[in-house]
Amino acid sequence: MTMVLPRNFYCQDSATVARHLLGKRLVRLVDGVLLAGFIREVEAYFGENDSASHAAKGKTSRNAIMFGPAGYSYVYFIYGMHFMFNIVTEEEGCAGAVLIRSVFPTHGLATMRQFRNGNKKHLADGPAKLCQALRIDARLNHIDLTKQEKIWLEEGVLIDQTSIHMGSRIGIHYALVKDQRALLRFWLN
DNA sequence: TCGCAGATATTCT
DNA sequence: GAATATCTGCGAG
């Protein structure tokens with residue numbers, strides 16, 4: 001009896017998936033050690049209608065994964081030193097992804113602290129910190145998240161819908177997406 | 001609390 | 001060949 005999120009969970013509108021990902025459990029298995037945490041903050045990204053997205057200017061070799069089937073990881077390197085962990089959404093051929101920005105660690109805290117060089121105050125409260133704490137790097141790009149291999153997502157806690165906050169995405173003040181206000185960042189307190 | 005350097009994959013010219 | 005990027009940590013005030 002497994003509670004791993006099925007592919008059809010991811011195969012919908014990015015904003016919907018992002019909102020529903022709050023409170024879900026992100027699980028990572030590294031060298032036999034189980035690391036896990038609840039998702040606390042996410043951002044939704046679309047394709048050609050979203051000027052802030054990697055996929056805004058069409059398909060390239062880097063963002064091709066965003067156009068592929070949902071339920072896969074999309075990890076990329078930025079600023080010469082940071083990794084970002086995204087989950088591909090929407091149907092195949094339609095670009096979309098959800099950036100995981102922050103998790104609340106529940107399992108394997110000691111190991112996470114090691115990966116974070118002993119920094120214990122801010123274990124996984126930022127997109128690049130989260131990747132460091134869970135040792136997510138380029139090798140974890142394009143992994144099927146519906147299989148329990150190295151990293152996957154499970155059902156988590158029930159979220160009180162009124163405790164979900166919405167806002168504009170970090171670093172994006174403009175972008176109107178699909179003619180709506182781009183309130184595509186979701187988080188919990 | 002705030003501002004900026006850091007170091008490289010990817011894309012644009 | 002050059003610019004840019006879904007950010008973090010540290011050092012100054």
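Letters A, B, ... are given to chains in the order of the sequence lines, protein chains preceding strands, and every chain is numbered from 1. The structure presented is a predicted model; accordingly, all values stated were derived computationally and were not measured.
For the pair His82(A) NE2 and dG9(C) C1', the computed distance is 8 Å after rounding to whole Å. Here dC7(C) presents its C1' atom at 14 Å from CG of Asn86(A), a figure rounded to the nearest Å. Atom-to-atom, CE of Met66(A) to C1' of dT6(C) comes out at 10 Å; the value is rounded to the nearest Å. Here dT8(C) presents its P atom at 19 Å from CZ of Phe115(A), a figure rounded to the nearest Å. Rounded to an integer number of Å, the gap from Met84(A) CE to dT8(C) P is 6 Å. Rounded to whole Å, atom C1' of dT10(B) lies 13 Å from atom CG of Asn141(A). For the pair Ile78(A) CD1 and dT8(B) P, the interatomic distance rounds to 14 Å; values are reported in whole Å. In this structure, Ile136(A) atom CD1 and dC7(C) atom P are separated by 16 Å, rounded to whole Å.
In terms of heavy-atom proximity, Leu140(A) sits nearest to Val75(A) at O-CG2, 3.6 Å. Closest approach of Gln132(A) to Asn117(A), counting heavy atoms only: NE2-ND2, 4.0 Å.
Taking a pair to require two hydrogen-bonding distances under 3.5 Å in either a Watson-Crick or a G-U wobble arrangement, dC10(C) pairs with dG3(B).
Taking the side chain of Phe77(A) as heavy atoms from C-beta on, and the options dG9(C), dT6(C), dA9(B), the nearest nucleotide is dA9(B). Considering only side-chain atoms of His54(A), the nucleotide from dT11(B), dC7(C), dT6(C) that sits closest is dT6(C). Closest to the side chain of Lys57(A), from the set dT8(B), dC12(B), dG9(C), is dC12(B).
Between Phe83(A) and Phe77(A), the ring planes lie tilted relative to each other; the angle falls in the 30° to 60° range. Taking the six-membered ring where tryptophan is involved, the planes of Tyr74(A) and Tyr76(A) are tilted, since the angle between them lies from 30° to 60°.
With hydrogens and angles left out, the side chain of Tyr79(A) and the base of dT8(C) share no donor-acceptor pair within 3.5 Å.
Contact check on Asp125(A) versus Arg40(A) returns no salt bridge, with no Lys/Arg side-chain nitrogen under 4.0 Å from an Asp/Glu carboxylate oxygen.
Look at Ser61(A) and you'll find a side-chain N or O under 4.0 angstrom from OP1 or OP2 of dT11(B). An OP1 or OP2 oxygen of dA5(C) is reached within less than 4.0 angstrom by no side-chain nitrogen or oxygen of Arg62(A). The shortest distance between the side-chain N/O atoms of His122(A) and the OP1/OP2 oxygens of dT8(C) is not below 4.0 Å.
Stacking annotation: Tyr45(A) is stacked on the base of dT6(C) (ring centroids less than 5.5 angstrom apart, interplanar angle below 30 degrees).
As judged by a 4.0 angstrom heavy-atom cut-off over every strand, Met81(A) is placed among the base-contacting residues.
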